[in-house]
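Right, one structure below, let's go through it.
Letters A, B, ... are given to chains in the order of the sequence lines, protein chains preceding strands, and every chain is numbered from 1. On a predicted model such as this, the values are computed, not experimentally measured, just so you know.
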Amino acid sequence: MKYTALKGIHDIFPPDIYIWKKVESVAEEVLSSYGFHEIRVPIIESTDIFIRSIGETTDIVEKEMYTFPDKAGRSITLRPEGTAPVVRSYIENHLYNMPSPQKFFYAGPMFRYERPQKGRFRQFYQIGAEAFGAAEPKLDAEIISMLKLFLERLSLKELNFEVNSIGCEMCRPDYKKALTAFLGDRTDALCPDCQRRHSHNPLRILDCKVNACIELRKGAPQVTNYLCKECKEHFGELLALLKLLNISHIINPNMVRGLDYYTRTTFEVTSEHLGAQKAVAAGGRYDRLVEEFGGPPTPAIGFAIGMERLVEILKTCQSELETPSPKIFFATIGRQADREGLSIAEKLRSKGIQVELGYGNASLKSQIRRADRLNADYVFIIGEDELKSGRIKWKKLKDASHGEIGIGEIESFSGLFQS
RNA sequence: GUGAGCGUAGCUCAAUGGUCAGAGCAUUGGACUGUGGCUCCAAGGGUUGGGGGUUCGAGUCCCCUCGCUCACCCCA
């Protein structure tokens with residue numbers, strides 16, 4: 001094969017594309033009902049936007065970004081996630097001068113230079129939502145509930161909702177201290193990765209899968225026990241609201257996120273129908289980010305849905321969506337009939353009816369066979385006889401019923417209005 | 001970045017180191033001169049991912065390379 005798509009980058013085409021479109025339309029419908037409006041932000045931004053927001057020492061920034069110089073030598077990066085560009089836009093366009101909270105959603109491709117595997121790609125699509133300007137746990141609960149409603153609308157079952165609070169800039173340092181103190185002089189027993197984490201990001205030790213590390217962290221202090229008064233209240237109220245709204249969830253004190261900007265609430269939706277990359281949606285609060293970006297102090301919360309992963313679940317758990325099929329197929333024999341068919345087809349198409357034609361001088365048989373494979377409802381046959389009589393033969397493929405109709409009456413053919 | 005597995009027709013897969021690399025499905029045509037699905041027949045379709053080596057002889061063994069997949073890492 002001479003030309004192939006780049007590693008980890010895939011085409012989306014029928015029939016899958018119809019699953020994607022369905023997901024997108026349901027998302028727009030549900031998010032709209034919560035007052036979220038679409039925002040379109042660029043796919044490329046200045047590199048420092050991502051470094052500042054995601055965090056200098058995160059894996060994404062350290063080794064996963066598509067970064068390159070533009071022709072003027074500025075450092076440009078293909079967005080690895082959607083929150084940073086939206087925050088940049090929120091500040092740059094003074095969107096905080098509109099009544100709070102402001103709520104936005106977006107959909108589009110993200111780019112991360114990683115080794116591809118099941119559910120992980122170099123170009124992948126996310127639907128994301130961000131809400132600015134409200135700190136109350138009520139908003140956290142609404143957002144999680146909205147995510148749940150969206151997934152339910154797609155008939156997705158067997159999903160796990162996990163929530164956690166990782167505190168704020170006041171209480172998290174205390175927890176980090178407690179955690180490193182707990183591990184104390186036993187750090188030698190940690191896996192090499194965790195030994196590294198111990199110094200610059202000890203929270204990550206919590207979700208390490210190496211057995212030795214799982215052993216060592218038994219009885220370790222939990223984040224949720226070290227929250228300051230405000231964070232504790234916030235988390236407590238969120239849990240109460242989730243109960244009120246009947247959203248079953250588990251509290252996972254070991255859930256840490258790979259982006260530095262999160263504060264307080266973090267959450268994740270996972271599915272057992274995926275591979276090792278089983279998070280289908282995830283998000284959290286980022287109350288400090290807007291201010292750090294030079295905007296006014298603005299609490300915020302958001303999440304992102306992984307489209308490929310969602311579609312993967314839909315494909316394994318549900319019957320596939322059908323590719324739209326023609327209402328009418330014109331099988332024509334001879335040049336004159338061909339012209340007649342084209343002419344009628346164009347009239348019908350202008351009314352929004354899906355019509356397909358036969359090509360290439362194919363035999364009637366092969367034309368009808370093609371109509372069948374395209375799953376057409378009706379075949380209209382035009383040949384010499386029909387041209388002479390002015391009456392076209394039709395056949396309904398589903399039940400093989402057939403009949404005739406005058407050329408002038410086709411546009412009111414009753415079959416066009418049945419499903 | 002690390003590790004493992006796999007590359008043969010459009011797809012799923014056969015072929016002890018030994019003739020001309022096969023089958024099913026799919027595609028196209030025919031049986032049925034202007035009527036789909038079912039059946040039968042036929043045809044097209046391959047640089048066995050690429051390169052080198054061992055051998056009288058390589059799809060098969062060895063080396064290199066490219067690609068895919070899964071996992072680690074990390075994340076949606």
>> Any strand counts, and the cut-off is 3.5 Å on both contacts for Watson-Crick or G-U wobble. Which nucleotide pairs with B/A58?
In response: none
>> For B/C20, give the paired nucleotide (Watson-Crick: N1-N3 plus N6-O4 or O6-N4; G-U: N1-O2 and O6-N3; both under 3.5 Å), or none.
In response: none
>> Let's see if you can work this out: which of B/U35, B/A76, B/G29 has an atom nearest to the side-chain heavy atoms of A/Glu308?
In response: B/A76
> Got a donor-acceptor pair under 3.5 Å from the side chain of A/Arg120 to the base of B/C70?
Replying inline: no
> Is there a donor and acceptor pair closer than 3.5 Å between the side chain of A/Gln277 and the base of B/C70?
Replying inline: no
> Across all strands, who's sitting opposite B/U33 as a Watson-Crick or G-U wobble pair, both distances under 3.5 Å?
Replying inline: none
>> Partner lookup for B/C70, please. Criteria are Watson-Crick or G-U wobble with both distances under 3.5 angstrom; report none if nothing qualifies.
In response: B/G3
> Within this structure, what is the CD-to-P distance between A/Gln123 and B/A76, rounded to whole angstrom?
Replying inline: 17 Å
>> Let's see if you can work this out: which of B/U35, B/C70, B/C72 has an atom nearest to the side-chain heavy atoms of A/Lys118?
In response: B/C70
>> Nearest to the A/Ala400 side chain among B/C75, B/G37, B/G34, which nucleotide is it?
In response: B/G37
>> Within the 4.0 Å limit for protein heavy atoms, which parts of nucleotides 4-12 of chain B are touched? Write it as a string from 5' to 3', B for base, S for sugar-phosphate only, - for none.
In response: ---------
> Could you give the CG-to-P distance, from A/Leu397 to B/C38, as a whole number of Å?
Replying inline: 13 Å
> If you take atom types as modelled and just measure distance, does the side chain of A/Glu114 reach the base of B/G1 with a donor-acceptor pair under 3.5 Å?
Replying inline: no
> What nucleic acid atoms does A/Glu384 come within less than 4.0 Å of, heavy atoms only: base, sugar-phosphate, or nothing?
Replying inline: base
> Just checking A/Ala371: base, sugar-phosphate only, or nothing, at a heavy-atom cut-off of under 4.0 Å?
Replying inline: nothing
> In whole Å, what is the span from the CZ atom of A/Phe303 to the P atom of B/C75?
Replying inline: 19 Å
> Under 6.0 Å from the CG atom of A/Asp372, do we count more than 12 heavy atoms belonging to anything else shown?
Replying inline: yes
> Considering only side-chain heavy atoms of A/Arg369, which listed nucleotide, B/G36, B/A76, B/U69, is closest?
Replying inline: B/G36
>> Please check if the number of heavy atoms outside A/Glu291 that lie under 6.0 Å from its CD is greater than 12.
In response: yes
> Should we say atom CD1 of A/Ile44 is surrounded by more than 12 heavy atoms from elsewhere, each under 6.0 Å from it?
Replying inline: no
>> Reading RNA chain B from 5' onward, which residue's closest nucleotide shows up sooner: A/Asp59 or A/Lys7?
In response: A/Lys7
> Can we call the ring centroids of A/His10 and A/Phe121 under 6.0 Å apart?
Replying inline: yes
> Within a radius of less than 6.0 Å around CZ of A/Phe13, do more than 12 heavy atoms belonging to other residues, nucleotides or ligands occur?
Replying inline: no
>> More than 12 heavy atoms of other residues, nucleotides or ligands under 6.0 Å from CZ of A/Arg257: yes or no?
In response: yes
> Would A/Arg122 count as a cation-pi partner of A/Tyr113, with NZ or CZ less than 6.0 Å from the six-membered ring centre and within 45° of the ring normal?
Replying inline: yes
> OP1, OP2 of B/A71 versus side-chain N and O of A/Gln117: anything below 4.0 Å?
Replying inline: yes
> Taking a pair as Watson-Crick or G-U wobble with both distances under 3.5 Å, which nucleotide is matched to B/U28?
Replying inline: B/A42
> Which of the following nucleotides, B/U35, B/G34, B/A76, is nearest to the side chain of A/Ala304?
Replying inline: B/A76
> Which part of the nucleic acid, if any, lies within contact of A/Phe121, taking any heavy atom under 4.0 Å across all strands shown: a base, the sugar-phosphate backbone alone, or nothing?
Replying inline: base
> How do A/Lys63 and A/Ile305 order along RNA chain B: which one's closest nucleotide is nearer the 5' end?
Replying inline: A/Lys63
> So does A/Arg40 have more than 12 non-hydrogen atoms from other groups sitting under 6.0 Å from CZ?
Replying inline: no
